[in-house]
A.B. asks: 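Let me begin by handing over the structure; questions about it come next.
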Amino acid sequence: MPALNLATKGLNVAAIREDFPILQQTVNGGKPLVYLDSTATSQKPGAVIAALDEYYRKYNANVHRGIYALAEEATARYEAARKQVQKFIGAKSFREIIFTRNTTESINLVAYSWGRANVQAGDEIVLTLLEHHSNIVPWQILAKEKKAKLVYIEVDEQGLLREDQIDRLITDKTKLVAATMMSNVTGTITPIKRIIDRAHAVGAVCLVDAAQSAPHMPVNVQALDCDFMAFSGHKMLGPFVGILYGKRALLEGMTPFIGGGEMIREVFLEDFKANELPWKFEGGTPAIAEGIGLGVAVDYLTALGMENVREHERELTGYALSKLQAVEGIRILGPLDRELRGGIISFDIPGIHPHDVAAILDREGICVRAGHHCAMPLHEHYGLAATSRASFYIYNVPEEVDKLVETLAKVRKIFNG
Ligand code: 7TS
């Protein structure tokens, strides 16, 4: 194994692993758990789990309404978490941070509240072939309703976005560009700043799907100058809560998405006055404990340093790419250069169904995902119905990559004799 002194890269992975209770157990008859599915959802450190426990044990109360101490504490901590998220992504104001259920809901909020008021017949919505279904289907629904057209930026043989198409496809017909910063299949890091700048040059608005980037690399909404950004707390060590960032001027001009309590200031028989930002977009009782837990997760990541998180994953991905390429017949999707991708590796072993691969890996305690990973158009592009996918986070180590590669050799033996 090449010298991979992870501790010198800024992360003390051995100490990090101690923080994750779930990693301390064995599964399937004494096998250490090898969790390689953080793209789907990350594991949670003890501090996040403790924050949920503490909320329910000590100050469980609804937010923004009680005048008693418990409710005031719940509100203060929930709103403090919002400010932690604001700082984490470099937003100008806490009013630009809306808590949702997940990335999917964040994108749908924009599609309904902004999209329905601004997209008209003949307009174009530009997406990329790398998108997760969450950043495709809401735009398909909108485009159908408004008779707008969807346009896709394609990928090249390496699995990189076709940069030459950015200027050609984002034109004065474009109303909105919705693009991922990192693919959840190929790990491809996209030229998101170029896309955002081009969108603005033609007068379009740009939404960034940061579900796979915000947890794994430094992300700053002001530096990017994106109009909207969607991501999920559960993929970044936090509980099940989502985030939508939006530029204040845009959010101010939008109508509410979900009507009900919390999002109003006044209600009359025929009409209502919406609440101020960000609560205008948070109808009903929010996921309070989850929001508070997200604040703790953000603190945890901030203490590690997002540059260090990225560096650790860059090392591990480089190591995994070199090791995996030695598996006979394997086809790895996406760029083979670790600089161009995150720690997400989807692969195909011809003749062996990804579900069989995942099932055999599971017997050894290794968790990988098998399927289309909610990116059917991208799989179609590769001519594959499904792939196996291993993904890494701050708690993964080279030994786990070794175990994956060894077990894949066994899988080949079982199927190919
Ligand atoms: N966008 C990207 C790039 C994603 O990877 C995901 C989830 C989503 C949006 C949706 O996030 P959610 O929190 O609303 O579900 N990706 C995956 C995955 O790859 N496997 O399970 C979920």
Side-chain angles (χ1 to χ4, degrees), residues 35-44 85 89 98-112 127-141 152-153 155 159 161 177-190 192 195 206-217 219 224 226 228-245 257-258 287 290-291 293-294 297 313 333-334 341-347 354-355 358 367-379 382 384 386-393:
Y35 187 74
L36 301 180
D37 196 20
S38 295
T39 296
T41 196
S42 75
Q43 296 303 344
K44 324 297 174 200
V85 173
I89 59 165
I98 297 156
F99 284 144
T100 62
R101 244 167 22 96
N102 45 39
T103 302
T104 305
E105 189 174 292
S106 297
I107 296 172
N108 275 274
L109 193 163
V110 177
Y112 279 84
L127 310 175
T128 86
L129 202 56
L130 294 173
E131 302 313 311
H132 184 280
H133 295 164
S134 296
N135 202 25
I136 298 177
V137 181
W139 308 118
Q140 290 175 336
I141 296 171
Y152 288 88
I153 301 174
V155 298
L161 215 55
V177 182
T180 190
M181 213 169 151
M182 185 190 290
S183 159
N184 70 315
V185 176
T186 58
T188 304
I189 296 170
T190 62
I192 199 69
I195 294 172
C206 189
L207 175 142
V208 175
D209 178 347
Q212 299 302 340
S213 50
H216 301 283
M217 61 204 281
V219 166
L224 285 173
C226 57
F228 297 106
M229 178 178 279
F231 54 111
S232 291
H234 71 92
K235 294 184 196 289
M236 48 189 283
L237 312 181
F240 292 95
V241 58
I243 304 97
L244 174 68
Y245 159 81
F257 175 41
I258 290 176
E290 287 79 1
L294 175 62
E313 292 177 23
L333 304 192
R341 67 184 298 156
I344 301 169
I345 306 181
S346 295
F347 58 88
H355 284 138
C367 311
V368 300
R369 197 63 178 261
H372 52 62
H373 318 304
C374 295
M376 288 179 82
L378 184 60
H379 276 78
Y382 282 112
L384 297 167
T387 50
S388 309
R389 183 186 68 192
S391 55
F392 312 122
Y393 210 1

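Residues: numbered from 1 along the sequence shown. For ligands, and for the atoms within them, numbers begin at 1 and follow the listed sequence.
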A.B. asks: For atom 20 (N) of ligand 1, what's the nearest protein heavy atom and its distance?
C.D. replies: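 The closest one turns out to be Arg389 NH2, 3.2 Å.
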
A.B. asks: Just heavy atoms, cut-off under 4.0 Å: does Ala40 contact ligand 1 by side chain, backbone, both, or neither?
C.D. replies: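 Answer for Ala40: both.
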
A.B. asks: Can you tell me which residue and heavy atom of the protein come closest to atom 1 (N) of ligand 1, and the distance to 0.1 Å?
C.D. replies: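 For atom 1 (N) of ligand 1, the nearest protein heavy atom comes out as Asp209 OD2, 2.6 Å.
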
A.B. asks: Would you sort out whether His379 and His373 count as a ring pair (Phe, Tyr, Trp, His ring centres under 6.0 Å), showing the intermediate values?
C.D. replies: CA-CA 9 Å; His379 276 78; His373 318 304; 5.5 Å; yes

A.B. asks: Identify which one of Met217, His216, Met181, Gln212 satisfies the side-chain contact (heavy atoms from CB on, under 4.5 Å) criterion when paired with Ile189.
C.D. replies: Met217

A.B. asks: Take every heavy atom of Arg101, measure it against each atom of ligand 1, and state whether any distance is under 4.0 Å.
C.D. replies: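 Arg101: no contact with ligand 1 (<4.0 Å).
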
A.B. asks: With respect to atom 22 (C) of ligand 1, which of Lys235, His373, Gln212 exhibits the smallest heavy-atom separation?
C.D. replies: Lys235

A.B. asks: Out of Met182, His234, Arg369, who gets a non-hydrogen atom closest to atom 21 (O) of ligand 1?
C.D. replies: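 Looking at heavy atoms only, the winner is Arg369.
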
A.B. asks: Side chain, backbone, both or neither: which part of Glu131 has a heavy atom under 4.0 Å from ligand 1?
C.D. replies: neither

A.B. asks: For the residue pair Ser391 / Ser38, report whether a side-chain donor-acceptor contact shorter than 3.5 Å exists.
C.D. replies: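 No, no side-chain donor-acceptor pair sits under 3.5 Å.
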
A.B. asks: In the protein, which heavy atom is nearest to atom 6 (C) of ligand 1, and how far is it?
C.D. replies: His132 CD2, 3.3 Å

A.B. asks: Please work out whether any backbone atom (N, CA, C, O) or any side-chain heavy atom from C-beta onward of Thr103 is under 4.0 Å from ligand 1, and answer side chain, backbone, both or neither.
C.D. replies: both

